[in-house]
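Here is the structure we will look at.
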Amino acid sequence: MSRHKSDYNLIAATKYASNANGNHPVPMDIERIFGENAFGLEEMKNRLPKEIYKSLLRTIDNGDQLDLTIADSVAMAMKEWAVDRGATHFTHWFQPLTGSTAEKHDSFITPNKGGGAIARFTGSELIQGEPDASSFPSGGLRATFEARGYTIWDPTSPAFIIENSGGSYLAIPTAFASWSGEALDAKTPLLRSMEAINKQALRVLDLFGHKDVSKVTSTVGVEQEYFLIDEQYYFRRPDLMTCGRTLVGAKPPRGQELDDHYFGSIPDRVLTCMLETEKELYRLGIPVKTRHNEVAPSQYEIAPLYENTNIACDHQQLIMITLQRIARQHGMVCLLHEKPFKGVNGSGKHNNWSLGTDTGLNLLEPGDNPHDNLQFLFFCAAVIKAVYRHQDLLRVSVASAANDHRLGANEAPPAIISIFLGEQLEDVFNQIEKGSAKGSKQGGLLGLGTPVLPDLPRHAGDRNRTSPFAFTGNKFEFRAVGSSQSVSFPNTVLNTIAAEALEEMGNELAAKLKKGETLEKAVAEVVRSTVHESKAIIFGGDNYSDEWHAEAKKRGLLNLKTTLDALETFISEKNIKLFETYGVLSEAELRSREEIWVEQYFLKINIEAETTESMARTMVMPAATRYLGTLNKTLVNGKKAGISTKGVKEVATHMAAYIDELQVALGKLIDVNKDLGGSTVHEKAHHMYHKVIPAMNKVRHATDRLERITAGDLWQLPTYRDILFVK
């Protein structure tokens, strides 16, 4: 008996799953392996001389300038540790403006005079590298022939070992700059923004009487959503391989309607992959804590604990890399695209952001006494002010061609930025704005020694999954970040806009205190004026509803629906002044990023259009015409035999009509994609949005209609039914 090729696909996947679970599990000793592949503080303390360790610790903990005289000692200790763990090479691991990471490997081995070789790694090699920078995007910061770029060691983020079956190498997190000093990466502005928020938060805390705090750090925990699919389907889909998403494909009879995948039992094969991924992340010192099935079939989530934002952003890149690497070892592919499959939920990253002190305070956590609540409401109001004033920047920070498919759908926040506070906290701010707060929705008198501030519990309201920016007890959750994105720039924006708000509110508070007002009264007045100015950004209802869109427009909030809409606001006078004031990005660095992101938008759509054209021409059309040929033969043979072929004729008529529809749509796509729309990247990007994307959608519409009626043995592309449900 012959088998359909999809039968073999199912057998292969089932066999792989069976084999994956044939071995007895090996217990994982998390405490023993945690951080063994990271050159963390404990390893430094064990290997470095005491004074050198203390000097390096001052840089890491307090932000003191690095003492360059200790570099050779640190390099030697780092090299010895890496060699002990089997490393033969080192690399400066950096984050250029491609959205990914980059590395150039150099061997530790150096020839000596005797004709042999020794393992050598110097302080100068640790501190600075010089990769060829000519092919990285610079957005006009330098000419193509100006190839020199520098990587600069970031001592605040631990070096780590990357292993594979052939060996291992030492990766050293670094910043990346042009030879003239402009930031060409995601890390440098992030570090600058962390210094900005530290400076302004310390000043405010001093006004609150905290003389013991010497450092404030933004902290982040990022929830990563992703898909895992069988690799055989991936390699048979040119769109997945080239673009990370399906450009054609009909919605299956069953998608996520039953909600049975969400938080369901994790399939054995997937769980095995997850366990190995977590083990590798533990070894790198990444504190992953949560895993579960997400709402779409074959969609999952992983989330770490909170860390210093710079380290969290580095670790986020490593999580994505590790997910993709380990999946391949299990015959699967990890898809990080925001919308791999039309008609089912896409993937995002929930960026949970807060502020913490070196004394252990979370500045966005309501405390157990009036003073803490006073302080919390001040910092919370600063965030409200920052988000209201800089809605555009937050939208820009999550803008991409991929995320445009997700934002605004019934799975992700809309493009309108708003803040959800929870019923009680929103009520408190409303009362403060009106001049007094004597009770809360939770009941009871406030009784905090002041008539304006309630005693707030840590969880003062339910969650709102439709909100792009929600307060969730002791942090703000920025839910609009895309799953394939680096989280460095969204957090750079959050740090910078919060620093500005804290400085302005701090100036107001200091002036009132100087006049002799009590702290309680002065804070109440500053918070009241801030809330009055910014309250339009607060919304606790359904962000998906049409009513909210109308209400947001009435409030004057921005609705930047697409990446191009958002990027047009990026280089405003307001934004240039903000980033230059706090030393985060110069005007030239800001303009370069806008140029790069517009170009990336154009290039990604152009690649998708070329791939759509190729698939329609070489895969879809041949399958459809073969099937039409088969139907026509049946009609001819049926007529000869005197058999009724009415049903066949009806199918053939539909096939012919859909093939004609596809041919017309394909011709239009070819024409508009051939014409790039202009000479500048901005003209090309707008051409892609206004002309190419609609043409692609028409090709998809015709293709998906053909998929639904073409014989399965002729259809070459794995369908959603196969991809999403064969595990």
Side-chain angles (χ1 to χ4, degrees), residues 97 99 139 243-245 247 337-340 342-343 345-349 387 390-418 466-469 478-486 489-490 493 543-546 548-550 552-553 556-572 575 590-591 593-609 612 669 672-673 675-678 680-701:
L97 297 173
C243 308
R245 76 178 183 101
L247 301 173
H337 193 284
E338 282 73 5
K339 193 75 171 180
K342 184 180 179 181
N345 277 16
S347 300
K349 270 198 252 272
V387 173
H390 297 291
Q391 307 158 49
D392 56 338
L393 279 179
L394 286 171
R395 177 65 181 90
V396 167
S397 77
V398 299
S400 72
N403 214 15
D404 279 357
H405 294 286
R406 169 180 165 265
L407 291 182
N410 288 337
E411 61 181 89
I416 304 168
I417 300 296
S418 65
T466 72
S467 176
F469 203 87
F478 189 18
R479 297 174 54 92
V481 184
S483 53
S484 67
Q485 277 189 265
S486 162
F489 191 66
V493 169
N543 291 69
Y544 295 161
S545 68
D546 292 337
W548 166 234
H549 284 244
K553 185 176 182 180
L557 301 183
L558 297 174
N559 187 1
L560 305 172
K561 295 182 179 180
T562 72
T563 290
L564 295 182
D565 293 335
L567 289 176
E568 285 177 357
T569 71
F570 190 31
I571 316 176
S572 66
N575 294 338
L590 204 65
R591 290 186 180 279
R593 280 154 176 76
E594 189 265 353
E595 181 86 4
I596 289 167
W597 292 336
V598 171
E599 182 179 38
Q600 287 174 343
Y601 179 90
F602 149 65
L603 290 173
K604 286 178 180 178
I605 302 300
N606 182 243
I607 290 168
E608 288 186 351
T612 301
L669 176 61
V672 296
N673 200 37
D675 174 17
L676 295 180
T680 70
V681 293
H682 292 78
E683 290 170 336
K684 293 175 182 177
H686 280 279
H687 177 72
M688 291 294 136
Y689 176 73
H690 292 289
K691 301 289 186 180
V692 175
I693 290 177
M696 286 172 57
N697 290 340
K698 287 183 178 179
V699 170
R700 177 166 199 154
H701 181 263

Tell me if a side-chain donor or acceptor on Asn543 pairs with a main-chain N or O of Pro468 at a distance below 3.5 Å.
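Not confirmed, Asn543 side chain does not pair with Pro468 backbone.
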For [X], which residues count as a side chain to side chain contact (heavy atoms under 4.5 Å, CB included) partner, sequence neighbours excluded?
{"X": "Ser483", "answer": "Gln224, Glu338, Ser347"}
{"X": "Asn606", "answer": "Phe602, Glu610, Asn673, Leu676, Met688"}
{"X": "His549", "answer": "Pro414, Ile416, Asn559"}
{"X": "His687", "answer": "Val672, Asp675, Lys691, Val692"}

Is any side-chain heavy atom of [X] less than 4.5 Å from a side-chain heavy atom of [Y]?
{"X": "Thr569", "Y": "Ser572", "value": "no"}
{"X": "Asn697", "Y": "Ile693", "value": "yes"}
{"X": "Val387", "Y": "Phe478", "value": "no"}

Surrounding CZ of Phe570 (heavy atoms of other residues, nucleotides or ligands, distance under 6.0 Å), is the total greater than 12?
yes
Rounded to the nearest 0.5 Å, what separation is found between the [atom1] atom of [X] and the [atom2] atom of [Y]?
{"X": "Glu594", "Y": "Glu599", "atom1": "CD", "atom2": "CD", "value": "11.5 Å"}
{"X": "Ile571", "Y": "Glu595", "atom1": "CD1", "atom2": "CD", "value": "8.0 Å"}
{"X": "Tyr689", "Y": "Leu564", "atom1": "OH", "atom2": "CG", "value": "8.0 Å"}

Only counting residues at least two apart or in another chain, list the ones meeting salt bridge (Lys or Arg N to Asp or Glu O under 4.0 Å) with Asp392.
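Salt bridge (Lys or Arg N to Asp or Glu O under 4.0 Å) list for Asp392, sorted by chain: Lys574.
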Who pairs with [X] by side chain to side chain donor-acceptor pair (under 3.5 Å), at least two apart in sequence or on another chain?
{"X": "Glu608", "answer": "Arg245"}
{"X": "His337", "answer": "none"}
{"X": "Ser545", "answer": "none"}
{"X": "His701", "answer": "Glu661"}

Taking only residues two or more places apart in sequence or in another chain, which ones pass ring pair (Phe, Tyr, Trp, His ring centres under 6.0 Å) with Tyr601?
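Tyr601 satisfies ring pair (Phe, Tyr, Trp, His ring centres under 6.0 Å) with no residue once adjacent residues are dropped.
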Name every donor-acceptor pair, under 3.5 Å, that has one atom in a side chain of residues 394-404 and the other anywhere in the protein, sequence neighbours excluded.
{"unit_1": "Arg395", "atom_1": "NE", "unit_2": "Leu560", "atom_2": "O", "d": "2.7"}
{"unit_1": "Arg395", "atom_1": "NH2", "unit_2": "Leu560", "atom_2": "O", "d": "3.3"}
{"unit_1": "Arg395", "atom_1": "NH2", "unit_2": "Lys561", "atom_2": "O", "d": "3.4"}
{"unit_1": "Ser397", "atom_1": "OG", "unit_2": "Leu394", "atom_2": "O", "d": "2.7"}
{"unit_1": "Ser400", "atom_1": "OG", "unit_2": "Ala402", "atom_2": "N", "d": "3.4"}
{"unit_1": "Ser400", "atom_1": "OG", "unit_2": "Asn403", "atom_2": "N", "d": "3.0"}
{"unit_1": "Asn403", "atom_1": "OD1", "unit_2": "Arg406", "atom_2": "NH1", "d": "3.0"}
{"unit_1": "Asn403", "atom_1": "ND2", "unit_2": "Val398", "atom_2": "O", "d": "2.8"}
{"unit_1": "Asn403", "atom_1": "ND2", "unit_2": "Ala480", "atom_2": "O", "d": "3.0"}
{"unit_1": "Asp404", "atom_1": "OD1", "unit_2": "Thr563", "atom_2": "N", "d": "3.2"}
{"unit_1": "Asp404", "atom_1": "OD1", "unit_2": "Thr563", "atom_2": "OG1", "d": "3.0"}
{"unit_1": "Asp404", "atom_1": "OD2", "unit_2": "Thr563", "atom_2": "N", "d": "3.1"}
{"unit_1": "Asp404", "atom_1": "OD2", "unit_2": "Thr563", "atom_2": "OG1", "d": "3.2"}

Heavy-atom closest contact (Gln485 atom, Pro490 atom, distance):
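That closest heavy-atom pairing would be NE2-CG, 4.2 Å.
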Nearest heavy-atom neighbours spanning Ser418 and Ser467:
O-OG, 3.8 Å
Decide side-chain contact (heavy atoms from CB on, under 4.5 Å) for Met696 and Leu669; before the verdict, give the C-alpha distance in whole Å, the side-chain angles of both, and the deciding distance to 0.1 Å.
CA-CA 6 Å; Met696 286 172 57; Leu669 176 61; 3.7 Å; yes
